[in-house]
Each structure stands twice: as C-alpha cells, then as structure tokens.
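Structure first, then comments.
Given the structure is predicted, the values throughout are model-derived calculations rather than measurements.
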Amino acid sequence: LSSSSAASDVYKRQLMEITPYEIAYENQKWIKELSNAGDDWQPSITIGPNYPMIDGDTHEFLRRLNDRERAVGRLPVGYAYSLPPETHWEYACRAGTTGPYAGEIDDIAWYKDNDGKLHEVATKAPNAWGLYDMHGNMGEETLVTVDEYPGTPIIDPLEVQSRYFVERGGEYHSDELKVRSAYRNTYFMEGETFGFRIALLPDQVFNGWARRVMMNELERKLVSENPP
C-alpha cells in the first residue's frame with residue numbers, strides 16, 4: 001500500500017493510492033461537475049468550508065466520478081476510485097507503526113478528550129505517510145473484504161464480502177479507545193452519517209461493491225412490494 005509512490009509504480013504493483021484528506025466541503029465543486037442538468041442528486045451535508053463531507057451515497061458519488069475520469073482518460077485501465085477496504089485503510093492509518101496510534105494522539109487526532117468538536121480537515125498533524133485525520137475528527141466508511149478474520153496472514157484482500165460497511169478511525173466525540181488504528185465499529189448500512197476518503201484500487205473492488213449495492217436495492221424492492 002502506498003500514499004506517496006509515483007503513480008506508475010503504484011499501478012505496476014497493484015497497490016493503493018489514497019487521498020491524504022477526508023473529502024471536504026471545498027470539493028463540492030465536484031458535485032456540480034458530476035451532476036447532470038436538472039439532477040437533484042445531492043450526496044452530502046456539511047457544516048462549513050473545509051469540514052468533512054458527511055455522505056449518505058458514496059457509491060453514487062464514486063460511480064459518477066469514475067465515469068467522468070474514465071471518459072477523459074484520467075483513469076488507468078483496470079483501476080477505479082472506491083472506498084478503501086478496511087484492511088487497506090488500517091495499513092495506511094498505521095503508516096508503519098505497531099502501537100495503538102500512528103503518533104502522539106493529541107498531535108494527530110481530534111477526539112473526545114482534547115476538544116469533542118468536529119474540525120476542519122488537516123488541522124492536526126498527519127501520520128508518517130502524510131495522511132490527515134486517520135484518527136478522530138470524522139469516522140470513515142470502509143468496505144468489508146474480510147468478513148471474519150482467520151487469525152492467519154491475509155495478503156491484499158480485494159473481494160468485497162458484505163453489503164455492510166465498517167467505520168474506522170473514530171470520531172471527534174469518541175474516547176481514546178475508539179480512535180485506535182485497530183478499532184472497528186459495528187457494521188452499518190450505507191446512508192449512515194460518516195465521512196470518507198477516496199482510494200484508487202484495481203477495479204474489482206468498486207465492481208464488487210457495485211454488485212453488493214445492486215443486490216441490496218433488489219432486496220429492498222422485494223420487501224417494499226411484499227410487506228410482512
């Protein structure tokens with residue numbers, strides 16, 4: 001995994017490139033660019049400029065982003081933007097460290113014990129790989145590529161295993177235990193209010209996620225048409 005390798009090197013080794021910041025309000029210009037004329041799609045809410053976007057439809061956001069970038073030739077063949085798998089997210093969060101945090105917690109995280117409020121992105125120090133807010137501030141959506149951890153090493157799992165998500169990183173109101181690198185929140189469905197960051201990965205990750213989303217939509221339709 002990498003946050004800083006040259007793009008050609010990342011593609012060659014099929015590793016992950018991840019944004020250094022949580023997607024913030026300043027990126028709202030993307031929404032206008034990704035929306036069709038007369039489209040009411042609105043993927044996020046926010047409290048102000050440079051604050052994390054709190055997204056209820058990350059799949060649609062990234063589907064539109066991939067379509068646009070692929071159309072203008074800015075996506076390498078075989079790759080797509082996606083949420084990061086939680087395994088890859090933790091690797092990037094740790095940035096080579098093995099302790100509970102990727103540095104001194106008060107230097108790198110907004111959390112319950114040092115403020116308890118949501119802040120603009122990148123107002124604390126980054127980890128060793130230049131990634132901001134991996135601990136605290138706004139919890140982040142990640143994909144499930146390992147449903148049950150086997151207790152033995154797993155190399156680069158990329159197949160999406162669940163329609164659910166896992167929150168990683170903890171939030172501004174979390175205690176110090178819940179902003180650890182290894183902390184996993186319980187599964188939740190898309191539509192919950194969490195932040196996110198974008199990863200560039202082999203397109204099997206986004207495609208697997210898309211299949212899970214489609215299955216979920218079909219199940220919802222069946223339930224609505226056949227109430228108990």
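Residues that satisfy the salt bridge (charged side-chain N to carboxylate O under 4.0 Å, His left out) test with D113, not counting sequence neighbours, are absent from this structure. The salt bridge (charged side-chain N to carboxylate O under 4.0 Å, His left out) test applied to R70 returns no partner, not counting sequence neighbours. Remark: R180 pairs with no residue by the side-chain hydrogen bond (donor to acceptor under 3.5 Å, both in side chains) rule, at least two apart or across chains. Residues passing the side-chain hydrogen bond (donor to acceptor under 3.5 Å, both in side chains) test with N207: none are found, sequence neighbours excluded. Residues satisfying the ring pair (Phe, Tyr, Trp, His ring centres under 6.0 Å) criterion with Y172, sequence neighbours excluded, are absent altogether.
Of all the heavy atoms in S181 and W89, the pair that sits closest is O-CZ3, 3.9 Å. When all heavy atoms are compared, the tightest approach of S82 to L201 is CB-CD1, 4.5 Å. In this structure, G170 and V179 approach most closely via the heavy-atom pair CA-CG1, 4.0 Å. Heavy-atom minimum distance, Q161 versus R212: O-NH2, 3.4 Å.
Here NE2 of H88 is found 14.5 Å from SG of C93. Values are rounded to the nearest 0.5 Å. For the atom pair H173 NE2 and K112 NZ, the distance stands at 10.0 Å (nearest 0.5 Å). Atom CD of Q204 sits about 6.0 Å away from atom CD of E159, to the nearest 0.5 Å. Separating the CD1 atom in I18 from the CG atom in L200 is a distance of 11.0 Å, to the nearest 0.5 Å. Rounding to the nearest 0.5 angstrom, the gap separating the CG atom in D133 from the OG1 atom in T123 is 6.0 Å. Separating the CZ atom in R63 from the CZ atom in F206 is a distance of 7.5 Å, to the nearest 0.5 Å.
Counting heavy atoms from C-beta on, the side chains of T142 and P85 never come closer than 4.5 Å. Within the 4.5 Å cutoff, no side-chain heavy atoms of F196 are placed close to those of E22. Within the 4.5 Å cutoff, no side-chain heavy atoms of K178 are placed close to those of E171.
Taking the centre and axis of the six-membered ring of W110, the NZ or CZ atom of K117 falls outside the cone set by 45° and 6.0 Å.
Looking only at distances, no side-chain donor or acceptor of H135 sits under 3.5 Å from a matching main-chain atom of A109. A donor-acceptor pair is defined here as one N or O able to donate and one able to accept, closer than 3.5 Å; no such pair exists between the side chain of N66 and the backbone of A80. Side-chain atoms of T145 never come within 3.5 Å of backbone atoms of V160 as a donor-acceptor pair (strictly under, hydrogens ignored). Judged by distance alone, the side chain of N137 and the main-chain N or O of H119 form a donor-acceptor pair under 3.5 Å. Side-chain N or O atoms of N127 include one that pairs as donor or acceptor with a backbone N or O of L131 at under 3.5 Å. A side-chain donor-acceptor contact under 3.5 Å links R168 to the backbone of Y183. Between the side chain of R184 and the backbone N or O of E167, no donor-acceptor pair lies under 3.5 Å.
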Which atom pairs, one a donor and one an acceptor, fall under 3.5 Å between side chains of residues 99-108 and the rest of the protein, sequence neighbours left out?
unit_1: Y101; atom_1: OH; unit_2: E176; atom_2: O; d: 2.7
unit_1: D106; atom_1: OD1; unit_2: Y111; atom_2: OH; d: 3.0
unit_1: D106; atom_1: OD1; unit_2: N114; atom_2: ND2; d: 3.4

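In the hydrophobic cluster analysis, where Ile, Leu, Val, Met, Phe, Trp and Tyr join through side-chain heavy atoms closer than 4.5 angstrom, Y79 is grouped together with L83. When the side chains of ILVMFWY residues are joined at heavy-atom separations under 4.5 Å, either directly or via intervening members, I198 and L143 end up in a single hydrophobic cluster.
Between F194 and F165, the distance from one ring center to the other does not fall under 6.0 angstrom. The aromatic ring centroids of W129 and Y91 lie less than 6.0 Å from each other.
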Next item on the list: Just do the side chain to side chain contact (heavy atoms under 4.5 Å, CB included) check on E86 and E90 with the steps written out, would you?
Entry: CA-CA 6 Å; E86 66 157 333; E90 183 174 330; 5.8 Å; no
Next item on the list: Just do the side chain to side chain contact (heavy atoms under 4.5 Å, CB included) check on Y51 and L118 with the steps written out, would you?
Entry: CA-CA 8 Å; Y51 281 82; L118 184 64; 4.0 Å; yes
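Counted within 6.0 Å of NZ on K124, heavy atoms from surrounding residues, nucleotides or ligands total more than 12; the atom is thus considered enclosed.
Side-chain polar atoms of E141 and T58 form a donor-acceptor pair below 3.5 angstrom.
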